[in-house]
Amino acid sequence: GLTHPADRHLLEEVETHLEDFQHELIARGRTRKHVKLTLRRIKAVLERARCKRLADIRPQAVRDALLALPVAIETRNHHLIACKAFTRWLWRQGRMAEDPLVGLGRWNAEPDRRVHRRALTQEELGRLIATTKNSPWTFRGLSGPDRAALYVAAAYTGLRVSELASLTRASLAFQGDPPTVTVSAAYSKHRRQDVIPIPPWVAEYLQQWLSKRQVLPGPGVPLWPGGWKGRAAFMLRQDLEAAGIPFLDQSGNRADFHALRAF
């Protein structure tokens with residue numbers, strides 16, 4: 001016969017609380033892309049589970065909805081993470097007496113993994129950089145030397161495409177000990193400023209590349225501007241082919257752009 005103060009929210013529409021959750025994510029500094037994707041995943045699951053009100057959010061209904069999604073296991077786990085973030089926020093905000101999804105665990109995605117990446121060998125990376133540096137073609141504003149410098153930066157910083165695309169001249173500290181590359185919190189996956197040390201020869205390579213550019217990027221202008229980041233995988237695949245490096249190895253593992261981060 002006891003009631004909880006949060007019970008007054010149980011008959012309220014989920015959509016109303018999702019709007020508040022969206023504002024919370026934005027206030028935390030999450031990117032527009034992250035917020036949009038998170039909300040889309042939550043809605044896809046809760047709509048399939050027929051959760052129109054907070055009282056409808058039950059573990060079994062959500063689990064059945066997740067299992068019914070026509071996606072890979074890893075993607076299903078991403079949907080689960082988004083939903084659990086929402087219900088945990090509801091509990092912390094006092095909108096639910098308890099987190100109904102706290103007991104739901106992730107599925108093992110390894111047997112169902114559809115994309116297996118491989119790291120380039122040191123010889124392959126060297127051949128890719130040398131071939132690309134002398135490439136005569138331009139891809140969405142990036143010349144051969146531009147792309148070669150981009151691949152060097154990707155391989156020795158471990159940065160993602162969006163993080164690399166955000167770098168400016170101010171991001172590079174060539175005179176440091178060691179030299180560093182800094183990613184601002186707005187673009188970092190961790191939502192904090194990341195300072196990554198790089199080998200001195202990488203700093204020297206990037207410095208020489210910049211010195212040979214006819215037009216240096218101004219303050220705040222990306223080092224690698226243009227629309228390449230939406231087609232980074234295609235761009236790299238063309239350069240791999242030119243360097244005689246197979247995109248797929250004998251086991252079917254692919255050397256896509258993010259594989260550079262595993263070097």
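Ring-plane geometry between W224 and W209 is classed as parallel, the angle between the planes falling under 30 degrees on a 0 to 90 degree scale with a further cut at 60.
To the nearest 0.5 Å, the span separating CD1 on I73 from CG on L66 amounts to 12.0 Å. Taking CZ of R140 as the start and CE of M235 as the end, the distance is 10.0 Å to the nearest 0.5 Å. The line from NZ of K36 to CZ of R40 is 6.5 Å long, rounded to the nearest 0.5 Å. Between the CZ atom in R160 and the OG atom in S166 there is a gap of 12.5 Å [rounded to 0.5 Å]. Atoms CZ and OG1, on R95 and T87 in that order, are 13.5 Å from each other to the nearest 0.5 Å. To the nearest 0.5 Å, atoms CG (L120) and CG (L236) are separated by 7.5 Å.
A 4.5 Å side-chain heavy-atom check between L125 and L260 finds at least one atom pair inside the cut-off. By the 4.5 Å heavy-atom criterion applied to side chains, R147 and W228 are not counted as neighbours. A heavy-atom distance below 4.5 Å is not found between the side chains of V181 and Y156.
Tested against L240 for a side-chain contact (heavy atoms from CB on, under 4.5 Å), the candidates T131, I245, D256 yield a single pass: I245. Here the rule is side-chain hydrogen bond (donor to acceptor under 3.5 Å, both in side chains) with Y151, and of D239, T132, D146 only D239 fits it.
Salt bridge E24/R92: absent, no basic N to carboxylate O contact under 4.0 Å. E241 has no carboxylate O lying under 4.0 Å from a charged side-chain N of R237, or vice versa, which leaves the two without a salt bridge.
Looking only at distances, a side-chain donor or acceptor of D7 sits under 3.5 Å from a matching main-chain atom of H4.
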